[in-house]
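Worth saying up front: this structure is predicted, and the values here are computed from it rather than measured. What's counted below: heavy atoms across the whole structure, side chains too, no hydrogens, waters or symmetry copies.
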Amino acid sequence: MIAESDIEKAVDFLRTSATEAAQARAQARYLAEFLKSKRAQLKVKQAGLSNAAAEDAALADPAYLEVLEGYKVAVENDAYYGFKREAAVAMIDAWRTQQSNLRAEGRIG
């Protein structure tokens, strides 16, 4: 049986984590776009190389790898909030089903 106190915690989490979850999502999306920009900036610095060679050099550049590491952290943070929020919603849905079943059995009014 899922306790009502657990449901209250789940609802509170959904309510209080909305801003942080949105910020995590925005940061991940921003860094995804910034990676493209950083790669382009680094490719431009590779004068005299073919496009493929300039791309390889840009992708291996420490500045690109630093942004890539930040992107990894941002995606992890976004996923954390996403999975925690999905778990809270799943718990609430399970509780609703549990309550419906109890009503059908005539155990609660």
Student: Which residues pass the salt bridge (charged side-chain N to carboxylate O under 4.0 Å, His left out) test with Glu8, not counting sequence neighbours?
Tutor: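 Partners of Glu8 by the salt bridge (charged side-chain N to carboxylate O under 4.0 Å, His left out) criterion come out as none, since no residue qualifies.
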Student: Which salt bridge (Lys or Arg N to Asp or Glu O under 4.0 Å) pairs, counting each pair once, include a residue from residues 9-25, with sequence neighbours left out?
Tutor: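 Every pair satisfying salt bridge (Lys or Arg N to Asp or Glu O under 4.0 Å) with a residue in residues 9-25: Asp12-Arg15, Arg25-Asp78.
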Student: Using the side-chain hydrogen bond (donor to acceptor under 3.5 Å, both in side chains) criterion, which residues pair with Asn77? Sequence neighbours excluded.
Tutor: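 Per chain and number, Asn77 pairs via side-chain hydrogen bond (donor to acceptor under 3.5 Å, both in side chains) with no residue.
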Student: Quick one: side-chain hydrogen bond (donor to acceptor under 3.5 Å, both in side chains) partners of Arg29, sequence neighbours excluded?
Tutor: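 Testing Arg29 for side-chain hydrogen bond (donor to acceptor under 3.5 Å, both in side chains), a comparison that skips the adjacent residues, returns none.
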Student: Just distance, no hydrogens or angles: give the donor-acceptor pairs under 3.5 Å from side chains in residues 57-75, sequence neighbours left out.
Tutor:
unit_1	atom_1	unit_2	atom_2	d
Asp61	OD1	Ala63	N	2.8

Student: Any salt bridge (Lys or Arg N to Asp or Glu O under 4.0 Å) involving residues 43-55? Give me the pairs, sequence neighbours left out, ordered by first then second residue.
Tutor: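 Those involving residues 43-55 are Arg39-Glu55, Lys43-Glu55.
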Student: Who are the side-chain contact (heavy atoms from CB on, under 4.5 Å) partners of Gln23, not counting sequence neighbours?
Tutor: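 Counting only residues at least two positions away or on another chain, Gln23 forms a side-chain contact (heavy atoms from CB on, under 4.5 Å) with Thr19.
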Student: Check which hydrophobic residues are tied to Ile2 through side-chain heavy-atom contacts below 4.5 Å, counting indirect links as well, and list them.
Tutor: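 Members other than Ile2 - counting any ILVMFWY side chain reachable under 4.5 Å - are Ile7, Val11, Leu14, Val89, Met91, Ile92, Trp95.
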Student: Not counting sequence neighbours, which residues clear salt bridge (charged side-chain N to carboxylate O under 4.0 Å, His left out) with Arg85? List them please.
Tutor: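 Residues passing salt bridge (charged side-chain N to carboxylate O under 4.0 Å, His left out) with Arg85: none at all.
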Student: Sequence neighbours excluded, which residues qualify as side-chain contact (heavy atoms from CB on, under 4.5 Å) partners of Ala53?
Tutor: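 Listed in chain order: Leu49, Ser50.
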Student: Going by atom type alone, with no hydrogens or angles, which donor-acceptor pairs under 3.5 Å involve a side-chain atom of residues 30-38 and a protein atom two or more places apart or on another chain?
Tutor:
unit_1	atom_1	unit_2	atom_2	d
Glu33	OE2	Lys36	NZ	3.2

